[in-house]
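Protein chains get the first letters and strands the later ones, always in sequence-line order, with residue 1 at the start of each.
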Amino acid sequence: MDYKQIEAKWQKKWEETGLYKFDKSKVDKKYYCLEMFSYPSGAKLHAGHWYNYGPADTFARFKRMQGFEVFHPMGFDAFGLPAENYAIKTGIHPEDSTLKNIETMEKQLRRIGATYDWDYEIKTCVPEYYKWTQWMFEQLYKRGLAYRKEAPVNWCPSCNTVLANEQAQGGVCERCGSVVTKKNLNQWFFKITAYADELLDGIDKLDWPEKTKLMQKNWIGRSFGGEIVFDVKGSDEKIRVFTTRADTVFGVTYVVLAPENPLVDKLVTAGNKAAVEAYKEKAAQTTEIDRMSSTREKTGVPTGAYAINPVNGREVPILVADYVIASYGTGAVMGVAAHDDRDYVFAKKLGLPIERVIKSKDGSPDELPYTEYGVMVNSGEFDGLESDEGKKAVLEKLESMGKGCLKTNYRLRDWLVSRQRYWGAPIPVVHCEHCGDVLVPEEDLPVRLPHNVNFTPDGESPLKKCDEFMHTTCPKCGRPALRDADTLDTFVCSSWYFLRYPDNRNDKKPFDSEWINKVLPVDKYVGGAEHACMHLLYARFFTKALRDMGYLNFDEPFLSLVHQGTILGPDGNKMSKSKGNVVSPDDSIAKYGADIFRVYLMFGFNYVEGGPWNDNGLDSVGRFFDRIERIVKKCYEMNFAKDALGKAEKELNRVRHNTIKCVTNDLGAFSFNTAIARLMEYVNAIYAYDGAVEKKNIFYKDCARDLVLLIAPFAPHFAEELWEMLGETYSVFNQPYPVFDEKAMVLDEVELAVQINSKMRGKVVVPTGATREEIEKAALEAVSAQLGGATPKKIIVVPGRLVNIIA
RNA sequence: GCGGAUGUGGUGAAAUUGGCAUACACGCUAGAUUUAGGUUCUAGUGCGAUGAGCGUGCAGGUUCAAGUCCUGUCAUCCGCACCA
């Protein structure tokens with residue numbers, strides 16, 4: 001069979017007949033199957049795209065044949081840094097290169113032979129889309145979920161530019177390798193922390209990989225604790241500290257402020273001012289790499305001021321140290337050296353006192369620092385309380401004194417969405433001297449991204465240098481004003497695209513709520529695991545915020561999630577140009593066609609694990625296809641007997657129904673490799689029957705027909721061709737997927753393993769309905785010689801499996 | 001440092017509640033068919049020369065029975081990174 005020819009043939013036919021057009025009238029049977037959309041930074045689809053999209057399409061086809069109306073769209077996440085960097089490198093404008101790349105990728109995606117309905121395509125970089133991205137920003141702003149504040153950004157001193165977080169991974173500039181520092185800029189944030197609790201509590205209900213759920217939970221990082229107020233000696237200032245271990249409060253021997261904490265300047269004494277200033281200066285210059293290292297030596301300087309411990313009135317020194325993070329909790333901690341590893345190291349280094357206030361519960365000797373829960377000692381009225389009740393008791397007491405309260409903190413920070421970059425959606429805000437930050441009125445959206453801009457990075461937002469963009473009038477007072485020069489993080493675009501697909505042509509609204517509530521949520525989402533704490537979290541946040549605004553009636557965007565594994569280079573390393581181990585799918589597809597390539601990808605790997613590329617498996621899939629083609633052809637040309645079914649037919653029928661059962665289960669679980677193994681077994685069983693039986697029963701034809709139906713989601717073009725060969729009418733994808741018959745799978749007799757003292761000693765065949773006594777008898781007979789007349793002490797019978805004779 | 005995962009033949013990988021370890025392929029060996037084949041078919045293929053036996057990273061444990069459960073340990077990978 002000429003696979004390339006039949007692929008062209010069927011792709012044309014599918015297109016002409018609109019086979020994969022989503023039928024809106026059947027939305028009650030909808031199944032929203034979505035793959036993370038592609039990023040058109042490179043010009044071509046690589047093996048990873050195929051590995052994501054090929055198997056996911058098999059799943060979509062399977063759902064379709066199961067009777068669902070599958071909504072399966074595709075689009076392009078077209079804004080973003082890689083496209084811009086590519087433009088900087090090549091000198092081609094990102095708009096031109098991106099649109100060209102999209103065109104190429106669309107063509108390639110069609111060659112996968114997937115069920116995408118291109119009527120619903122999305123490109124995030126076109127004004128028709130980013131108009132609504134800007135609209136999203138405005139809604140969040142109106143609800144108080146978008147705000148602007150001074151914040152440090154990543155700064156590369158060598159490239160003289162700000163960097164996105166993704167570009168500064170590991171504290172090193174992605175492009176030049178320089179060490180990244182921080183610089184303060186006025187930045188837009190989305191208040192994702194307002195949803196921290198719901199984002200956390202909703203995770204358990206999701207059908208997502210456990211690993212991903214855990215990562216997201218840890219990322220949100222909720223910790224229950226309390227705030228404790230320390231008065232400052234001789235001052236009206238107060239220091240609030242956050243702690244999860246209020247039971248250790250009697251062991252406080254000092255208090256530490258983060259260098260960036262504004263209290264530092266207020267509290268520092270004249271004699272310590274110079275040292276503290278120097279320390280702050282040094283901390284500000286500390287690189288991201290060093291700041292991230294938990295193994296680095298702890299440093300700090302005293303402020304000269306003293307804090308008063310509210311539980312015992314004790315005066316303790318106040319220090320500044322950069323192991324305290326300004327942005328977490330209150331930017332201040334109480335130092336309990338005896339019961340915290342970091343405080344212990346710090347106290348040792350600076351010669352601060354260390355005082356035990358917790359002992360192990362069972363009284364066994366323990367060493368300091370002792371960070372486990374235990375029993376309170378040296379803690380006045382609280383002595384003898386265990387840590388968990390002690391925590392509560394201490395905070396209750398402090399609360400009654402007005403010196404503390406229960407408090408929950410999160411590791412999650414608000415989402416910084418400003419990017420000092422060109423290739424993104426402009427932020428729809430005007431800065432007016434008189435009116436402050438003013439939203440661009442909805443009817444004036446989109447704020448268009450100007451084409452003619454010098455986007456070479458030089459430390460300023462590129463748009464700032466574009467006068468005709470920057471200068472505008474204030475929508476409120478009409479006086480001259482400036483636009484916001486930053487663009488939105490690309491992750492903003494991808495936080496709502498799945499809502500746009502079903503209503504992508506709507507020019508009045510981002511989507512029609514009534515309609516979207518029918519098509520959403522996404523039933524199956526397939527994409528890379530690298531998005532666990534970014535895109536997947538942001539999209540959940542958007543969904544919840546839009547729900548609270550009344551636009552959506554569901555809580556979660558993606559009910560069920562699967563991550564495909566990574567296809568590595570043949571050397572077992574991640575594919576990369578620098579390693580020279582990149583495998584292009586183009587050659588394989590040219591030689592074998594899309595179907596064989598897809599099936600190879602599904603058969604050769606565990607889908608969620610991936611693994612190193614190895615192309616000698618392609619031939620074996622090719623042989624598998626040949627075997628199918630030969631037997632279907634033969635079957636079509638054959639004359640059949642119409643006798644009753646014999647033993648051989650029964651056996652083939654059993655394999656047939658077992659195959660249907662297993663393949664159905666496996667496909668539902670994204671276990672493509674085992675599904676294909678079962679199909680191979682079925683083909684082997686058909687050949688065995690074919691070789692053993694002279695005059696084939698007419699039922700044989702049904703077996704061949706089922707084979708084509710079963711294989712259809714995996715090899716769509718091939719299956720259409722075979723379906724036609726069998727004389728059936730177009731299309732095989734309008735057929736229901738075969739359903740198994742439990743009765744056909746019941747055998748007349750079963751083979752049991754016979755063990756003596758748990759060692760394999762033989763086999764025995766018994767009738768399916770045999771009683772326990774009959775089975776025991778048959779088993780004893782089967783191994784009587786080896787038993788040597790000994791009377792068994794005990795016989796264990798596992799029906800359908802084995803008999804274990806304990807002698 | 002913390003959290004999570006993985007470890008099975010020469011290779012890719014399978015294995016419901018604990019129940020015949022290595023399904024399905026690749027590769028390899030021998031043979032048959034064909035004008036030729038990188039075709040097709042048959043047989044074999046965990047280790048061990050045979051048998052006994054031994055075998056799921058390593059060491060223990062529970063059990064009639066462990067790849068699967070428990071304890072410890074090593075290796076690799078991923079995520080977080082002083083979160084009080």
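- Of the candidate nucleotides G3(B), A84(B), G19(B), A84(B) has the atom nearest to the side chain of Val324(A).
- For Leu802(A), the listed nucleotide lying nearest its side chain is C20(B); candidates were C24(B), C82(B), C20(B).
- The interatomic distance linking Lys574(A) (NZ) with U76(B) (P) rounds to 19 Å, in whole Å.
- Base orientation at G18(B) is anti, since its O4'-C1' glycosidic dihedral falls outside 90° of 0.
- Mapping Asn684(A) and Arg411(A) onto RNA chain B via the closest heavy atom, the residue that lands nearer the 5' end is Asn684(A).
- For Tyr592(A) and Tyr3(A), the ring centers are positioned 6.0 Å apart or more.
- Here U39(B) presents its C1' atom at 18 Å from CZ of Phe625(A), a figure rounded to the nearest Å.
- If you take atom P in G7(B) and the same atom in C70(B), they sit 15 Å apart, rounded to whole Å.
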inquiry  = Within the 4.0 Å limit for protein heavy atoms, which parts of nucleotides 63-71 of chain B are touched? Write it as a string from 5' to 3', B for base, S for sugar-phosphate only, - for none.
reply    = -BS------
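- Residues Met215(A) and Gly221(A) both approach RNA chain B. Their nearest nucleotides, taken by heavy-atom distance, put Met215(A) toward the 5′ side.
- Checking Arg678(A) against Asn658(A) by side-chain atom types alone, no donor-acceptor pair falls below 3.5 Å.
- For the pair Asn261(A) CG and A84(B) P, the computed distance is 17 Å after rounding to whole Å.
- Formation of a donor-acceptor pair under 3.5 Å by the Lys217(A) side chain with backbone atoms of Leu200(A) is not found in this model.
- Taking atom CE of residue Met534(A) and atom P of nucleotide C78(B), one finds them 17 Å apart after rounding to whole Å.
- Aromatic pair Phe605(A)/Tyr51(A): ring centres closer than 6.0 Å.
- Within 4.0 Å of Glu210(A), counting heavy atoms only, lies no atom of the nucleic acid at all.
- Of the candidate nucleotides C82(B), G19(B), A84(B), G19(B) has the atom nearest to the side chain of Val798(A).
- The shortest distance between the side-chain N/O atoms of Tyr328(A) and the OP1/OP2 oxygens of A84(B) is below 4.0 Å.
- Side-chain contact, Asn581(A) with Asp571(A): a donor N or O sits under 3.5 Å from an acceptor N or O.
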query = What one-letter contact string describes nucleotides 7-15 of chain B from 5' to 3', where B marks a base within less than 4.0 Å of any protein heavy atom, S marks contact via sugar-phosphate atoms alone, and - marks no contact?
reply = -----BSS-
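- Look at NZ on Lys349(A): it is 14 Å from C1' on C82(B), rounded to the nearest Å.
- Between the CD atom of Glu751(A) and the P atom of C20(B) there is a distance of 12 Å, rounded to whole Å.
- Relative orientation of the Tyr600(A) and Trp613(A) rings is perpendicular, given thresholds of 30° and 60° on the angle between their planes.
- A distance of about 33 Å separates the P atoms of U76(B) and G27(B), rounded to the whole Å.
- For the C1' atom pair drawn from U73(B) and C47(B), the interatomic distance equals 26 Å after rounding to whole Å.
- Residue Lys793(A) is out of contact with every strand shown, counting any heavy-atom pair closer than 4.0 Å.
- Residue Lys392(A) qualifies as open at atom NZ: its count of foreign heavy atoms under 6.0 Å is 12 or below.
- Contacts classified as salt bridge (Lys or Arg N to Asp or Glu O under 4.0 Å) and involving residues 752-762 of chain A (residues at least two apart or in different chains) are not found.
- At a threshold of 4.0 angstrom between heavy atoms, the contacts of Ser327(A) with the nucleic acid are absent.
- Rounded to whole Å, atom C1' of A52(B) lies 17 Å from atom CE of Met760(A).
- For the C1' atoms, the distance from G46(B) to A13(B) is 15 Å, rounded to whole Å.
- Residues Val803(A) and Ile775(A) are in side-chain contact: their nearest non-hydrogen atoms beyond the backbone lie under 4.5 Å apart.
- A salt bridge is defined here as a Lys NZ or Arg NE, NH1 or NH2 lying under 4.0 Å from an Asp or Glu carboxylate O, and Lys661(A) with Glu742(A) meets this definition.
- Formation of a donor-acceptor pair under 3.5 Å by the Thr408(A) side chain with backbone atoms of Ser223(A) is not found in this model.
- G19(B) atom C1' lies 15 Å from atom CD1 of Ile805(A), rounded to whole Å.
- Considering only the side chain of Lys759(A), C54(B) comes nearest among C24(B), G19(B), C54(B).
- Atom P of A36(B) sits at a distance of 27 Å from the matching atom of G44(B), rounded to the whole Å.
- The C1' atoms of A66(B) and A21(B) are separated by 11 Å, rounded to the nearest whole Å.
- Electrostatic pairing of Glu210(A) and Lys213(A) counts as a salt bridge here, judged by a charged N lying under 4.0 Å from a carboxylate O.
- G12(B) and C2(B) have their C1' atoms separated by 34 Å, given to the nearest Å.
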Taking only nitrogen or oxygen atoms into account, show me every contact under 3.5 Å that the protein makes with nucleotides 27-34 of chain B, one pair per line with its distance.
none

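- Backbone-only engagement by Arg627(A) is indicated by non-hydrogen atom pairs under 4.0 Å involving sugar-phosphate atoms exclusively.
- The neighbour count for Lys574(A) NZ, taken as heavy atoms of other residues, nucleotides or ligands under 6.0 Å away, does not exceed 12.
- By the ring pair (Phe, Tyr, Trp, His ring centres under 6.0 Å) test, Tyr538(A) pairs with Trp415(A), Phe491(A), sequence neighbours left out.
- No N or O donor and acceptor, one from the side chain of Lys211(A) and one from the base of C78(B), sit under 3.5 Å apart.
- The aromatic rings of Tyr607(A) and Phe670(A) sit tilted, their planes meeting at an angle between 30° and 60°.
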remark   = For RNA chain B, the expected dot-bracket line (Watson-Crick or G-U under 3.5 Å, [ ] crossing, | inter-strand) is (((((((..(((......[....)))((((((.......))))))((.....))..(((((..]....))))))))))))....
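- Using modelled atom types and a 3.5 Å distance limit, the side chains of Arg413(A) and Thr193(A) yield no donor-acceptor pair.
- U11(B) and C20(B) have their P atoms separated by 24 Å, with the value rounded to a whole Å.
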